[in-house]
Amino acid sequence: MIKELLRDRGLWIAALVAVIGMITGIPFYEMDFPLETGNFIDYFQTAISSKQLFFLIPVVSVLPLGAVYIRDRASSFIKLYIVKISRQDYIRRKVLQIYASGFFVFLFSGGLVLIFCFLFLFPLESKGEWQGEKFTEALKMLLRIALVGGILAEISGIFAGMFENYYMAYGLPFVCYYILIILKERYLSEMYSMYPVEWIKCEQYWGNNGNGIWFFLLLLSGMTVLLKGLILHYRLREI
C-alpha cells in the first residue's frame, strides 16, 4: 500500500508545490543578521502559516490520489485489482492511501523546509540556543496541516466516488474550503470551529491546552474515511 503511494508521481509534484508555497512565505527580505535566538523556528512557523500555503492546501491535498477511483475505473485496473485481492481489501487500501497521500505530502514537505531552516538559518543566529517549547508548537502546527491535508484528500475521494468526474473531485474540495473561509471572515465571525485556518493556527479556545482541536480533527478524519468507504462499497457493487 505504501509502495503504491510512494510510486505515484502526483505525490512528489504536490510535495514540490507545497515546498515552494512554504519557502515563498519566508520573509527573507526582512532578515537582519545576525538573527535573534530562535528565529529559525519563527521563520519556519511563518512558512507553514503563510497565505501562500493556506491558498495551496486544498490544491496540494487532492493532487496525489484524490481521484484515484476514477483513474482506476477508467483504465479498467479496478477489475484486475478486485480479482487479485477482494472488494473489501480494495476499499480499505484506497481509503487509507487517499488519506495518507494528503497527510504525507505536507508532513514530508514541511520536514524538508524545517531542515532547510535549521541548516541555513540556525547557524546565523547570534546565540544558537535550542528552544524546545517553541519547536514543539511549530511541529504541532505542521501536524495539524497534515491532518487537514488528509481530510481534504478524503473529501476529494468522496466527490470522486459520488460524481465519477475529475472536475468535481479536484474542484469541489477547493470550493468547500473557501466557502468555509468566506462564511467565517465575512458573515459568521464567531464560527471559528468550522474555519480551516483556525484548525491549523488553533488560536481560539479548544479546551484545556487546546486538546479539543486534536479530537475535532481526528473525528473529522474518521467521518470522511467512513463516508468514502461507504461510497466505494456502493460503487463496487456495480462491478
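Quantities reported herein were computed from a predicted structural model and do not represent experimental measurements.
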Same hydrophobic cluster for [X] and [Y], using side-chain heavy-atom links shorter than 4.5 Å among ILVMFWY?
X      : Y      : result
Trp199 : Phe215 : no
Leu147 : Leu226 : no
Tyr99  : Met162 : yes

Please list, chain by chain and in numerical order, all residues satisfying side-chain hydrogen bond (donor to acceptor under 3.5 Å, both in side chains) with [X], sequence neighbours excluded.
X      : result
Asn165 : none
Tyr177 : none
Gln45  : none

Taking side chain as C-beta onward, heavy atoms only, is [X] less than 4.5 Å from [Y]?
X      : Y      : answer
Pro196 : Phe54  : no
Phe55  : Tyr178 : yes
Val17  : Val59  : no
Val68  : Gln97  : no
Trp206 : Tyr192 : yes
Asp8   : Ser101 : no
Cys176 : Leu180 : no
Val113 : Val19  : yes

Qualifying residues under salt bridge (charged side-chain N to carboxylate O under 4.0 Å, His left out), relative to Glu137, sequence neighbours excluded =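 In terms of salt bridge (charged side-chain N to carboxylate O under 4.0 Å, His left out), with neighbours along the sequence ignored, Glu137 is linked to Lys140.
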
Output all residues satisfying salt bridge (charged side-chain N to carboxylate O under 4.0 Å, His left out) with Lys201, sequence neighbours left out; order by chain, then residue number.
->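 Lys201 satisfies salt bridge (charged side-chain N to carboxylate O under 4.0 Å, His left out) with no other residue.
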
Indicate yes or no for a side-chain donor-acceptor contact from [X] to the backbone of [Y] under 3.5 Å, with no hydrogens or angles considered.
X      : Y      : answer
Gln204 : Ser193 : no
Arg92  : Gly229 : no
Glu154 : Ile98  : no
Lys228 : Gly157 : yes
Ser221 : Ile151 : no
Ser156 : Leu152 : no

Between Phe44 and Phe40, is the ring centre distance below 6.0 Å?
->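 Between Phe44 and Phe40, the centre distance exceeds or equals 6.0 Å.
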
Would you compute the distance between atom [atom1] of [X] and atom [atom2] of [Y] and round it to the nearest 0.5 angstrom?
X      : Y      : atom1 : atom2 : result
Ile145 : Leu107 : CD1   : CG    : 10.5 Å
Tyr166 : Arg71  : OH    : CZ    : 7.0 Å
Tyr170 : Leu63  : OH    : CG    : 7.0 Å
Leu11  : Leu16  : CG    : CG    : 11.5 Å

For residues 5-38, pull every pair meeting ring pair (Phe, Tyr, Trp, His ring centres under 6.0 Å), keeping only residues two or more places apart or in separate chains.
->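 Applying ring pair (Phe, Tyr, Trp, His ring centres under 6.0 Å) to every pair that reaches into residues 5-38, excluding sequence neighbours, yields Trp12-Phe108.
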
Just one of Leu56, Val62, Ile57 clears the side chain to side chain contact (heavy atoms under 4.5 Å, CB included) bar with Val60, so which one?
-> Leu56

Going by the angle between their ring planes, with limits at 30° and 60°, are Phe120 and Phe116 parallel, tilted or perpendicular?
->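 Phe120 vs Phe116 ring planes: tilted.
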
